[in-house]
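To start, the structure itself, in structure tokens.
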Amino acid sequence: HSPHQWPHLEWVSKVRVNTQAVLKRAQQIQGRKVAKKQWQAAWLLKAVTCIDLTTLAGDDTPSNVHRLCMKATQPIRHDLLKSMDMHDKGITTAAVCVYPSRVADAVKSLKAANSCLPVASVATGFPAGQTPLKTRLAEVQMAVEDGATEIDIVINRTLALTGQWAGLYDEIRQFREACADAHMKTILAVGELGTFTNVYKASLVSMMAGSDFIKTSTGKETVNATYPVAIVMVRAIRDYFLRTGYKVGFKPAGGIRTAQESVVWLTLMKEELGDEWLNPHLFRLGASSLLADIERQIYHYVTGRYPAYHELPMA
């Protein structure tokens, strides 16, 4: 959505988060009973359609990016989907996510495969955000020119930690402009923000500045997506929606590896924000190794046993 004016600094300054209440709610959600067998499989397929399948490594090459794109277009083995009668439902991941220099590779691979899957690029000096504003903006523009239709920007944590909320708003607004028509996901790097109150404030400021999504982490911090921090962020999303009518999406990322965790994330969204947020327009899971475990669990659901190592292609 387009950036709002900036009348809300006092809304930001008044925020206080009740830590104990947040931790208690997080315990509750993790303690939920997992769904029965056939529902479990449906939840897992839903999770697949919300994944931003990601590779952000120093040794990324056109060939592993190509493999990632192929996996994203057919994330679950065709015969497994067929036995669940889901083979003709067009199940793909939500997007692929790569470094700016690999956007062109991903766009090319997907185009060759006749797929209209979106390519997301990280940008703005990912992961630390400690490069000059000018180059951070240029990075966004270049990724968009190369065909990225989603940009995962990182905020400058220094501004948040020193309480420069107007300055942070201003930077994010410039990123929003540089994104043009691309969707903007704003990474807060929650593990480096210090307090829940800071996380809530950073969430609000990011939304006010026009973010389409707020995202927990780069996956490169020592602490990534945790449930308590997620509760704080989704409560900010809810408050923002109630106050402005804008629906902003949520993306946990970093360390999400098991099928069971993906179901906990979906449960958290359903309970905190409702069914409307249970789709890729408003919910993404940033992950690389998660898909392999989901496919493994689906294999088990279909066949009654776990696959041998060689039976599923690499995720």
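FYI, side chains are in, hydrogens and waters are out, and symmetry mates aren't considered; it's all heavy atoms of this structure. Each residue takes its place number in the sequence, starting with 1.
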### Query
Which heavy-atom pair separates Thr303 from Arg305 by the least distance, and what is that distance?
OG1-O, 3.0 Å
### Task
Check the hydrophobic clustering (I, L, V, M, F, W, Y; side-chain heavy atoms under 4.5 Å; chains of links allowed) and say if Val144 and Val96 are grouped together.
yes
### Query
Can you check salt bridge (Lys or Arg N to Asp or Glu O under 4.0 Å) on Arg176 and Asp212, steps first, answer last?
CA-CA 9 Å; Arg176 169 75 274 173; Asp212 296 294; 2.8 Å; yes
### Task
Measure the shortest side-chain to side-chain distance between Met184 and Phe175 over non-hydrogen atoms and say whether it is less than 4.5 angstrom.
yes
### Task
Test Leu9 against Tyr169 for side chain to side chain contact (heavy atoms under 4.5 Å, CB included), laying out the working first.
CA-CA 10 Å; Leu9 256 183; Tyr169 173 84; over 6 Å; no
### Summary
Rounded to the nearest 0.5 Å, the CG atom of Leu290 sits from the CD1 atom of Ile51 at a distance of 4.5 Å
## Note on the structure
Residues Leu193 and Ala202: closest non-hydrogen pair is CD1-CB, 4.0 Å
### Message
Is there a side-chain hydrogen bond (donor to acceptor under 3.5 Å, both in side chains) between Tyr299 and Glu311? Walk through the geometry before answering.
### Response
CA-CA 10 Å; Tyr299 186 101; Glu311 285 178 290; 3.0 Å; yes
### Message
Less than 4.5 Å apart, side chain to side chain, heavy atoms only: is that true for Met86 and Ile76?
### Response
no
### Task
Kindly work out whether a path of hydrophobic side-chain contacts (I/L/V/M/F/W/Y, heavy atoms less than 4.5 Å apart) joins Val223 to Leu188.
no
### Message
Does Lys108, at its NZ atom, have more than 12 non-hydrogen atoms belonging to other residues, nucleotides or ligands within less than 6.0 Å?
### Response
no
### For Asp146 against Pro100, the heavy-atom pair lying closest together
OD2-O, 4.3 Å
### Inter-residue atom distance Asp52.CG - Arg284.CZ, 0.5 Å rounding
4.5 Å
### Task
Determine which pairs satisfy side-chain hydrogen bond (donor to acceptor under 3.5 Å, both in side chains) with at least one residue from residues 194-203, sequence neighbours left out, and list them in order.
Tyr200-Asp239
### Message
With heavy-atom distances below 4.5 Å as the criterion, would you say the side chains of Val103 and Met142 are in contact?
### Response
no
### Task
Take Ile155 and Val205 through the test side chain to side chain contact (heavy atoms under 4.5 Å, CB included) and record every step on the way to the result.
CA-CA 11 Å; Ile155 67 165; Val205 171; over 6 Å; no
### Message
Between Ser206 and Thr186, do the side chains contain a donor N or O and an acceptor N or O under 3.5 Å apart?
### Response
no
### Task
Determine whether Phe126 and Lys220 make a side-chain contact, defined as any pair of heavy atoms from C-beta on separated by less than 4.5 Å.
yes
### Query
Quick one: CG on Leu44 to CD on Gln297, what's the gap to the nearest 0.5 Å?
7.0 Å
### Query
Would you find more than 12 non-hydrogen atoms of other residues, nucleotides or ligands less than 6.0 Å from His87 atom NE2?
yes
### Query
In Å, rounded to the nearest 0.5 Å, how long is the span from CD1 of Ile256 to OG of Ser262?
9.0 Å
#### Entry: side-chain hydrogen bond (donor to acceptor under 3.5 Å, both in side chains) pairs, two or more places apart, involving residues 109-123
His66-Ser109
### Matching residue for Val199 among Val22, Val190, Leu204 - test: side-chain contact (heavy atoms from CB on, under 4.5 Å)
Val190
### Query
Distance-only, no hydrogens or angles: does the Arg136 side chain make a donor-acceptor pair with backbone N or O of Thr131 under 3.5 Å?
yes
### Query
When rounded to the nearest 0.5 angstrom, what is the spacing between NZ in Lys215 and CZ in Phe250?
11.5 Å
### Spatial distance of atom CG (Leu268) from atom CD (Gln30) [nearest 0.5 Å]
9.0 Å
### Query
Would Ile151 and Leu53 show up in the same hydrophobic cluster when neighbours are defined by side-chain heavy atoms closer than 4.5 Å?
yes
### Query
Side chains of Glu139 and Tyr99: does their closest heavy-atom pair fall under 4.5 Å?
no
### CE (Met84) with more than 12 external heavy atoms under 6.0 Å
yes
### Task
Write out all pairs satisfying side-chain hydrogen bond (donor to acceptor under 3.5 Å, both in side chains) with one or both partners inside residues 264-274, taking only residues at least two apart or from two chains.
Arg25-Glu271, Arg25-Glu272, Arg32-Glu271, Arg235-Glu272, Lys270-Asp275
### Query
Taking the side chain as C-beta and beyond, is there a heavy-atom pair between Val122 and Cys97 under 4.5 Å?
yes
### Query
Which is it for Lys14 and Glu10 under the salt bridge (Lys or Arg N to Asp or Glu O under 4.0 Å) test, yes or no, and what are the steps along the way?
CA-CA 6 Å; Lys14 285 189 181 128; Glu10 75 193 271; 3.4 Å; yes
### Query
Do Leu161 and Ile153 belong together in a cluster built from hydrophobic side chains that touch within less than 4.5 Å?
no
### Query
Would you say Thr216's side chain and Ala253's backbone share a donor-acceptor pair under 3.5 angstrom?
yes
### CA sep, side-chain torsions, deciding dist, call: Glu150, Phe213, side chain to side chain contact (heavy atoms under 4.5 Å, CB included)
CA-CA 10 Å; Glu150 304 183 356; Phe213 270 74; over 6 Å; no
### Message
Just by distance, no angles: are the side chains of Gln164 and Thr162 close enough, under 3.5 Å, to form a donor-acceptor pair?
### Response
yes
### Message
Would a single hydrophobic cluster contain both Met70 and Ile91, if residues Ile, Leu, Val, Met, Phe, Trp and Tyr are joined by side-chain heavy-atom contacts under 4.5 Å?
### Response
no
### Query
Got more than 12 heavy atoms from elsewhere within 6.0 Å of NZ, Lys89?
yes
### Message
Just so I know, are the side chains of Lys134 and Leu137 near enough to count as touching, which here means a heavy-atom distance under 4.5 Å?
### Response
no
### Task
Check the pair Leu23, Gln27 against side chain to side chain contact (heavy atoms under 4.5 Å, CB included), reporting the backbone distance first and the verdict last.
CA-CA 6 Å; Leu23 295 174; Gln27 287 301 136; 5.8 Å; no
